[in-house]
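Read through the structure below, which is laid out as structure tokens, and then see the notes.
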Amino acid sequence: MHAYRTHTCAALTSDNVGDTVRLSGWVHRIRDHGGILFIDLRDHYGMTQVLCDPDSAAFADVEKLRSEWCIRIDGEVKARAPELVNPKLPTGEIEVFVRGVEVLGASKELPLQVFGDQEYPEETRLKYRYLDLRREQMQANMTLRSDVVRSIRQRMWDQNFREYQTPIITASSPEARATFSCRRACIRASSTRCRRRRSSSSSS
């Protein structure tokens, strides 16, 4: 079995009922229904509902989990009752009963919740940008932008347009030192050449 997953959190369907699987992702949300813990486990591909009851050997560990902890679970796929099927999710016909859990990365209490539609001040969203970008609406926005840009490029290429860029060492990254360091190196090299030219002129 793979160290982290046998399936993504968007891959399981009713065809997998009875299978033993391994999933990895972030704890999106935790709900306690009469002592049974329900967890929405999220990865880049989607979401799967996993649950754990007091009879499970992993129950004590699952109780300690918190939002945005990164975990790996082993469990058995079971079909949901017809009245509990969630048609909004590709994995809405099944749920995974947890038999084992491992915390890959714990998280402190979040200053900005990833799930839900809560509104936060712009300053908070910018300060905790790495959390803001995990929110469902932001993920949808980035996916839409990527799809639009891809469509535009594809339509242009289909009409024999080509995209050309000036020679670069690496793509510009506004939040990194690469561009600054490259420019500084170029300026230093240019200054050295100028000094050599002045020295040659003086000696002649």
Side-chain angles (χ1 to χ4, degrees), residues 2-13 21-33 37-52 62-73 75 80 84-96 98 101-157 163 165 168 170-180:
H2 191 274
Y4 295 107
R5 61 165 58 94
T6 57
H7 302 77
T8 70
C9 288
L12 296 174
T13 67
V21 298
R22 173 172 290 174
L23 302 175
S24 292
W26 290 274
V27 177
H28 190 67
R29 182 166 43 192
I30 305 175
R31 305 182 303 281
D32 186 338
H33 287 229
L37 300 176
F38 291 83
I39 297 175
D40 293 333
L41 189 64
R42 182 192 82 241
D43 65 8
H44 173 69
Y45 305 95
M47 201 169 320
T48 297
Q49 177 173 281
V50 305
L51 62 89
C52 189
V62 174
E63 276 190 307
K64 301 174 184 176
L65 300 178
R66 296 294 180 267
S67 293
E68 291 308 296
W69 283 30
C70 187
I71 64 171
R72 188 199 73 194
I73 67 103
R80 295 195 195 189
L84 298 178
V85 169
N86 185 351
K88 296 180 180 179
L89 288 178
T91 58
E93 294 182 339
I94 58 90
E95 52 196 7
V96 179
V98 179
V101 61
E102 179 183 354
V103 176
L104 303 177
S107 171
K108 297 180 180 179
E109 185 175 354
L110 300 180
L112 185 153
Q113 293 299 322
V114 172
F115 70 86
D117 298 321
Q118 300 95 323
E119 293 294 332
Y120 294 95
E122 195 71 18
E123 295 78 8
T124 302
R125 294 181 60 192
L126 290 174
K127 182 177 181 180
Y128 301 104
R129 189 67 168 165
Y130 61 96
L131 293 175
D132 187 49
L133 291 176
R134 296 185 192 180
R135 303 175 76 191
E136 186 175 357
Q137 184 58 53
M138 295 299 293
Q139 289 284 314
N141 291 345
M142 290 190 292
T143 299
L144 176 61
R145 179 187 182 279
S146 176
D147 291 343
V148 169
V149 172
R150 177 185 177 184
S151 177
I152 293 172
R153 282 198 167 108
Q154 188 61 55
R155 291 166 189 268
M156 297 292 283
W157 287 330
E163 182 178 5
Q165 298 179 355
I168 55 175
T170 184
S172 178
S173 179
E175 297 178 5
R177 298 181 61 236
T179 304
F180 172 76

Distance-minimising heavy-atom pair for [X] and [Y]:
X: Glu63; Y: Arg66; value: O-NH1, 3.1 Å
X: Ile94; Y: Arg80; value: O-NE, 3.0 Å
X: Val101; Y: Leu65; value: CG2-CD1, 4.3 Å

Any donor-acceptor pair under 3.5 Å linking the side chain of [X] with the backbone of [Y]?
X: Asp43; Y: Cys9; answer: yes
X: Arg5; Y: Arg22; answer: no
X: Thr91; Y: Met47; answer: yes
X: Arg135; Y: Gln118; answer: yes
X: Thr143; Y: Gln139; answer: yes

Requested in this report: Not counting sequence neighbours, which residues clear side-chain hydrogen bond (donor to acceptor under 3.5 Å, both in side chains) with Ser151? List them please.
Outcome: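 Ser151 satisfies side-chain hydrogen bond (donor to acceptor under 3.5 Å, both in side chains) with Arg155 only.
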Report summary line: When Glu136, Arg42, Gln49 are each screened for side-chain hydrogen bond (donor to acceptor under 3.5 Å, both in side chains) with His28, the one that passes is Arg42
Requested in this report: Name all residues meeting the side chain to side chain contact (heavy atoms under 4.5 Å, CB included) criterion together with Glu93; count only those two or more places apart in sequence or in a different chain, and write none if there are none.
Outcome: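 Glu93 satisfies side chain to side chain contact (heavy atoms under 4.5 Å, CB included) with Ser14, Val85 only.
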Report task. Any pair with a residue in residues 120-131 that passes salt bridge (charged side-chain N to carboxylate O under 4.0 Å, His left out), sequence neighbours left out, goes on the list, sorted by first then second residue, please. Result -> Arg125-Asp132, Arg129-Asp132
Query raised in the report: Around Tyr45, counting heavy atoms of other residues, nucleotides and ligands shown, do more than 12 lie under 6.0 Å from its OH?
Result: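 No - once you tally the heavy atoms of other residues, nucleotides and ligands closer than 6.0 Å, there are 12 at most.
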Query raised in the report: After noting the C-alpha distance and the side-chain angles of Leu84 and Glu95, does the key distance pass the side chain to side chain contact (heavy atoms under 4.5 Å, CB included) rule?
Result: CA-CA 10 Å; Leu84 298 178; Glu95 52 196 7; 5.6 Å; no
Report task. Tell me, please, which residues at least two apart from Tyr120 pass ring-ring contact (aromatic ring centres under 6.0 Å, His included). Result ->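 Tyr120 satisfies ring-ring contact (aromatic ring centres under 6.0 Å, His included) with no other residue.
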**Report entry** For His44, all residues meeting ring-ring contact (aromatic ring centres under 6.0 Å, His included), sequence neighbours excluded
**Finding:** none
**Report entry** Trp26 and Val114: CA distance, side-chain angles, deciding distance, side chain to side chain contact (heavy atoms under 4.5 Å, CB included) verdict
**Finding:** CA-CA 10 Å; Trp26 290 274; Val114 172; over 6 Å; no
Measuring from atom [atom1] of [X] to atom [atom2] of [Y], what distance do you get when rounded to the nearest 0.5 angstrom?
X: Ile39; Y: Asp32; atom1: CD1; atom2: CG; result: 10.5 Å
X: Asp147; Y: Ile152; atom1: CG; atom2: CD1; result: 11.0 Å
X: Thr8; Y: Leu41; atom1: OG1; atom2: CG; result: 10.5 Å

Query raised in the report: If you look only at pairs with a residue in residues 102-114, which of them pass as a side-chain hydrogen bond (donor to acceptor under 3.5 Å, both in side chains), with sequence neighbours excluded?
Result: Arg72-Glu102
